[in-house]
There are 2 protein chains.
Amino acid sequence: MNIGEASRRSGLPAKTIRYYEDIGLISPDRCENGYRDYGSDDVHKLRFLHRSRSLGFSVDECRQLLALYEDKSRASADVKEIATSKLTEIDRKIRELTELRRTLEHLVHACHGNDRPDCPILEELSEG
Amino acid sequence: MNIGEASRRSGLPAKTIRYYEDIGLISPDRCENGYRDYGSDDVHKLRFLHRSRSLGFSVDECRQLLALYEDKSRASADVKEIATSKLTEIDRKIRELTELRRTLEHLVHACHGNDRPDCPILEELSEG
DNA sequence: TCTTGACCTTCCAGCAACAGGAAGGTTCAT
DNA sequence: ATGAACCTTCCTGTTGCTGGAAGGTCAAGA
């Protein structure tokens, strides 16, 4: 199938699919006219990539996961380790954002938000 | 003062300070030898930038905030609006990450993490 | 005086992970 | 035959810096 169909079936934009080929994540066949030709296994991989990207794995982690996925003698511990470290990272991000949120909300609350120039937000930013 | 001192006082790397000049956020004087020459008001701005960046504002938002900061006839409502929309954005990010976290934790829990190839994480990624 | 080391300068490249668009070839339906 | 809807490659731009190369400047020590 052509890239458009692969895009529809995988949920990834054609641009992204070509990019994934550029960086060596997939390598579809080519038709005589030069068009890329995707098989159902390719689509399967693309969906795998789509899903793992949307779960927050970096492209490089996706590469590792994909390699493990195709390695029938893999140890599930290897996969679990990647996922666990990603979980830790997500936890950290959530903590940081929550802290940010608190500070910001405090500032927003303190600001009158009227047409006068007094602004605790700017004051805090300039002093903090 | 030289850029090194400005860096120490503002907490921003010298590279970043030059970059901020490149994109027009600050414009220090120059000495005869070509070195940048920062005054205390420059350092003040740099600290403002440092703080607002670390609060999650984009460089472009920082530019707006800085302009408001220097505009003595500003309305605090303008600042509050920027901060409020940033707050909304942070909330959205937190929600997304929390959802991600839940899915990922579920997967990590389901995986035995041993030396066998059976792996619910990969299964989910390939089907989801 | 020479030299060493810590500064400073500009410019160029690269990171992630694509997105947008130009210029052109192909296929299919009308 | 023509137009729409595909497809191709190549180049640029995004965000916010960071690293490095090649070179100028300055102050202190031998």
Side-chain angles (χ1 to χ4, degrees), chain A residues 1-39 42-43 45-46 48-66 82 86 89-90 93 96 100, chain B residues 1-39 42-43 45-66 82 86 89-90 93 96-97 100:
Chain A
M1 80 194 72
N2 284 347
I3 198 171
E5 184 63 20
S7 166
R8 251 162 267 131
R9 293 201 198 175
S10 66
L12 287 170
K15 276 275 184 188
T16 302
I17 297 179
R18 288 197 198 93
Y19 172 69
Y20 285 171
E21 181 178 349
D22 267 7
I23 61 173
L25 284 178
I26 45 165
S27 34
D29 290 343
R30 293 282 178 149
C31 298
E32 291 193 349
N33 59 11
Y35 286 17
R36 289 168 177 83
D37 185 22
Y38 297 87
D42 290 318
V43 172
K45 277 199 207 176
L46 290 173
F48 184 100
L49 289 169
H50 190 185
R51 177 83 175 136
S52 36
R53 283 292 293 132
S54 72
L55 274 179
F57 292 100
S58 73
V59 164
D60 218 68
E61 285 162 338
C62 289
R63 194 191 300 275
Q64 295 171 50
L65 289 171
L66 202 54
I82 296 177
K86 183 51 66 174
E89 192 182 316
I90 290 175
K93 277 189 194 162
E96 284 174 9
L100 223 60
Chain B
M1 81 194 72
N2 284 347
I3 199 170
E5 185 61 22
S7 166
R8 252 162 266 131
R9 293 202 197 173
S10 66
L12 287 170
K15 278 271 184 192
T16 303
I17 297 178
R18 289 197 198 94
Y19 172 69
Y20 285 170
E21 182 178 348
D22 267 6
I23 62 174
L25 285 178
I26 45 165
S27 35
D29 291 342
R30 294 282 178 150
C31 298
E32 292 194 349
N33 60 11
Y35 285 18
R36 291 168 177 83
D37 185 22
Y38 297 88
D42 291 317
V43 172
K45 277 200 206 174
L46 288 173
R47 290 166 69 96
F48 183 101
L49 288 169
H50 191 186
R51 177 85 176 134
S52 37
R53 283 291 296 131
S54 72
L55 274 178
F57 292 100
S58 72
V59 164
D60 219 67
E61 286 163 337
C62 289
R63 194 191 301 275
Q64 296 172 49
L65 289 172
L66 203 53
I82 296 177
K86 183 52 64 174
E89 194 183 314
I90 290 175
K93 277 189 195 161
E96 284 174 11
L97 281 176
L100 221 63

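Throughout, protein chains are lettered first and strands after them, A, B, ... in sequence-line order, and every chain is numbered starting at 1.
Heavy-atom minimum distance, L46(B) versus A6(B): CD1-CB, 4.3 Å. When every heavy atom of S52(B) is checked against every heavy atom of L65(B), the shortest pair comes out as CB-CD1, 4.3 Å. The minimum heavy-atom distance linking S7(A) with L12(A) is given by the pair OG-O, 2.7 Å. Residues A14(A) and I3(A) share a closest heavy-atom pair of O-CD1, 3.6 Å.
Protein atom CD of E21(A) is 12 Å distant from nucleotide atom C1' of dT9(D), rounded to whole Å. Nucleotide dC11(D) holds its P atom 17 Å from the OH atom of Y19(A), rounded to whole Å. When rounded to the nearest whole Å, the span between CD1 of I17(B) and P of dC17(D) equals 11 Å. Distance CG (N2(B)) to C1' (dA27(D)): 13 Å, rounded to an integer number of Å.
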TODO: Evaluate side-chain contact (heavy atoms from CB on, under 4.5 Å) for R53(B) paired with C62(B), printing each intermediate quantity in order.
DONE: CA-CA 7 Å; R53(B) 283 291 296 131; C62(B) 289; 3.8 Å; yes
For residues 19-27 of chain A, which side-chain donor-acceptor pairs fall under 3.5 Å, sequence neighbours excluded?
residue : atom : partner : partner atom : Å
E21(A)  : OE1  : R36(A)  : NE           : 2.5
E21(A)  : OE2  : R30(A)  : NH2          : 3.3

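Residue R18(A) is classed as a base contact, given a heavy-atom separation below 4.0 Å to a base.
In this structure, I90(B) and K86(B) have side chains that are in contact, with non-hydrogen atoms separated by less than 4.5 Å.
For residues 22-37 of chain B, proximity to DNA chain D is found at N33(B), Y35(B), defined as any non-hydrogen atom under 4.0 angstrom from a strand atom.
At distances below 3.5 Å, not a single donor-acceptor pair connects side-chain atoms of S10(B) with backbone N or O atoms of R47(B).
Chain A approaches DNA chain C over the interval dA17(C) to dT27(C), counting the first and last nucleotide 5' to 3' with an atom under 4.0 Å from its heavy atoms.
Remark: D60(A) engages R63(A) in a salt bridge, criterion side-chain N to carboxylate O under 4.0 Å.
Scored by the side-chain contact (heavy atoms from CB on, under 4.5 Å) test, R9(A) finds M1(A), E5(A), V43(A) as partners (sequence neighbours excluded). Under the ring pair (Phe, Tyr, Trp, His ring centres under 6.0 Å) criterion, Y38(B) pairs with no residue at all, not counting sequence neighbours.
A donor and an acceptor atom never sit less than 3.5 Å apart when one is taken from the side chain of K15(B) and the other from the base of dG16(D).
A sub-4.0 Å separation between OP1 or OP2 of dT15(D) and a side-chain N or O of S58(B) is absent.
Direction change of the helix axis from one end of the helix from dT1(C)-dA30(D) to dT30(C)-dA1(D) to the other is 30°, with five pairs defining each end axis (rounded to 10°).
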